[in-house]
A.B. asks: 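Take a look at the following structure, please.
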Amino acid sequence: MNISETEIISKVKTAFLSPDYFSRGAEESALNLLGRMILTDEGGKLSGGIIVETEAYGGFDDPGSHAYSGITPRNSVMLGPPGTVYVYLCYGASNMLNIVTGRKGRPEAVLLRALQPAAGIEAMTARRGGCREQLLAKGPGRLAQALGITRAMNGLPMGSCGIMISRSRFLRQPVSRTGRIGIKKGEGLPLRFIFDGNKYVSKG
DNA sequence: TGGCAGATTTTA
DNA sequence: AAAATCTGCCAA
């Protein structure tokens, strides 16, 4: 039942999501991203994994959103067209990878929080400084590091920085909707989506 | 194994 | 000063 790395890559290359897929807003996109494969391009070599944990951040009325207190130079990227990449530095050490999902004028994005590694595991392990597979992309900071995400990608369309997300789902598991974690304001809001029981999901 | 300091940028 | 985090060091 195991699909080979070559098959994964060719499958994603032939059918990946176009930016307008993300015009449906953060909450629905966050849910719909579960099970899809995300790959990044590092010198022609693709690596990545299956998305198993996401969080939705939406609008001026979401206390947990960067855009809650209005538009600033940093969060203005969230106003960009759907499919824009929003990368920012968190706590001075970790990059966070988000996909902008808002319709015009709505600052919405989905934070990618965890992957089940599936392709280019050697490359990801090297970027992570050598760690076991279970911890490769478990948590948003680790995920971004494993994929080689840098802040140079901030504000670019997904396609321009070598990010592809598959049209098909590579894994189907029961989904749980939980409160977001790791934030102070708006923590209780049930906008976090996980594959229930998947061992690559972060705890918080 | 569990708690804590530290990295560093943006914002209030 | 605090935040959408992770790592390494320390103590038992």
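Proteins get letters first, then strands, A, B, ... in listed order; numbering begins at 1 in each.
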A.B. asks: May I have the distance from Ile71(A) (atom CD1) to dA12(B) (atom P), rounded to whole angstrom?
C.D. replies: 11 Å
A.B. asks: Would you say the side chains of Asn95(A) and Gln145(A) form a donor-acceptor pair under 3.5 Å?
C.D. replies: no
A.B. asks: Looking at dA4(C), does its base get a donor-acceptor pair with the side chain of Tyr91(A) below 3.5 Å?
C.D. replies: no
A.B. asks: What is the distance from CG of Asn154(A) to P of dT9(B), rounded to the nearest Å?
C.D. replies: 14 Å
A.B. asks: According to the Watson-Crick and G-U wobble definitions, with both distances under 3.5 Å, which nucleotide is paired to dC9(C)?
C.D. replies: dG3(B)
A.B. asks: Just to be sure I understand the rule, does Ser65(A) reach a base, reach only the sugar-phosphate, or reach nothing, if contact means heavy atoms closer than 4.0 Å?
C.D. replies: nothing
A.B. asks: So, OP1 or OP2 of dT11(B): does either fall under 4.0 Å of a side-chain N or O from Thr72(A)?
C.D. replies: yes
A.B. asks: Are Arg180(A) and Tyr57(A) in a cation-pi contact, defined as NZ or CZ under 6.0 Å from the six-membered ring centre and within 45° of the axis?
C.D. replies: yes
A.B. asks: Would you mind telling me which of dA12(B), dA3(C), dT7(C) lies closest to the side-chain atoms of Arg128(A)?
C.D. replies: dT7(C)
A.B. asks: Would you call Arg177(A)-Glu27(A) a salt bridge at under 4.0 Å N-O?
C.D. replies: yes
A.B. asks: For Phe22(A), is the NZ or CZ atom of Arg24(A) found under 6.0 angstrom from the centre of its six-membered ring and inside 45 degrees of the ring axis?
C.D. replies: no
A.B. asks: Identify the nucleotide, in any strand shown, that forms a Watson-Crick or G-U wobble pair with dA4(C), with both distances under 3.5 Å; if there is none, say none.
C.D. replies: none
A.B. asks: Checking all strands, does Arg142(A) fall into the base, sugar-phosphate, or nothing category for heavy-atom contacts under 4.0 angstrom?
C.D. replies: sugar-phosphate
A.B. asks: At 4.0 Å (heavy atoms only), tell me whether Leu89(A) reaches a base, stays on the sugar-phosphate, or touches nothing.
C.D. replies: sugar-phosphate
A.B. asks: Classify the nucleic acid contact of Gly92(A) as base, sugar-phosphate or nothing, counting any heavy atom under 4.0 Å across all strands shown.
C.D. replies: base
A.B. asks: Respond yes when some side-chain nitrogen or oxygen of Arg192(A) is under 4.0 Å from OP1 or OP2 of dA4(C), and no when none is.
C.D. replies: no
A.B. asks: Would Arg36(A) and Phe170(A) count as a cation-pi pair here, with the cationic atom under 6.0 angstrom from the ring centre and within 45° of the axis?
C.D. replies: no
A.B. asks: Find the distance Arg151(A):CZ to dT9(B):P and express it as a whole number of Å.
C.D. replies: 6 Å
A.B. asks: If I take atom NZ in residue Lys185(A) and atom C1' in nucleotide dA1(C), what distance separates them, rounded to the nearest angstrom?
C.D. replies: 13 Å
A.B. asks: dA5(B) and dA1(C): how far apart are their P atoms, nearest whole angstrom?
C.D. replies: 16 Å
A.B. asks: Separation of Glu55(A) atom CD from dT5(C) atom P, in whole Å?
C.D. replies: 8 Å
A.B. asks: Expressed as a whole number of angstroms, how long is the span from Met96(A):CE to dT10(B):P?
C.D. replies: 15 Å
A.B. asks: Need one value for Gly139(A): base, sugar-phosphate or nothing, where a base atom within 4.0 Å counts as base even if backbone is also close, heavy atoms only.
C.D. replies: sugar-phosphate
A.B. asks: Take atom NZ of Lys203(A) and atom C1' of dC6(C), then tell me their distance rounded to the nearest Å.
C.D. replies: 17 Å
A.B. asks: Calculate the interatomic distance between Lys138(A) atom NZ and dT7(C) atom P; express it in whole Å.
C.D. replies: 12 Å
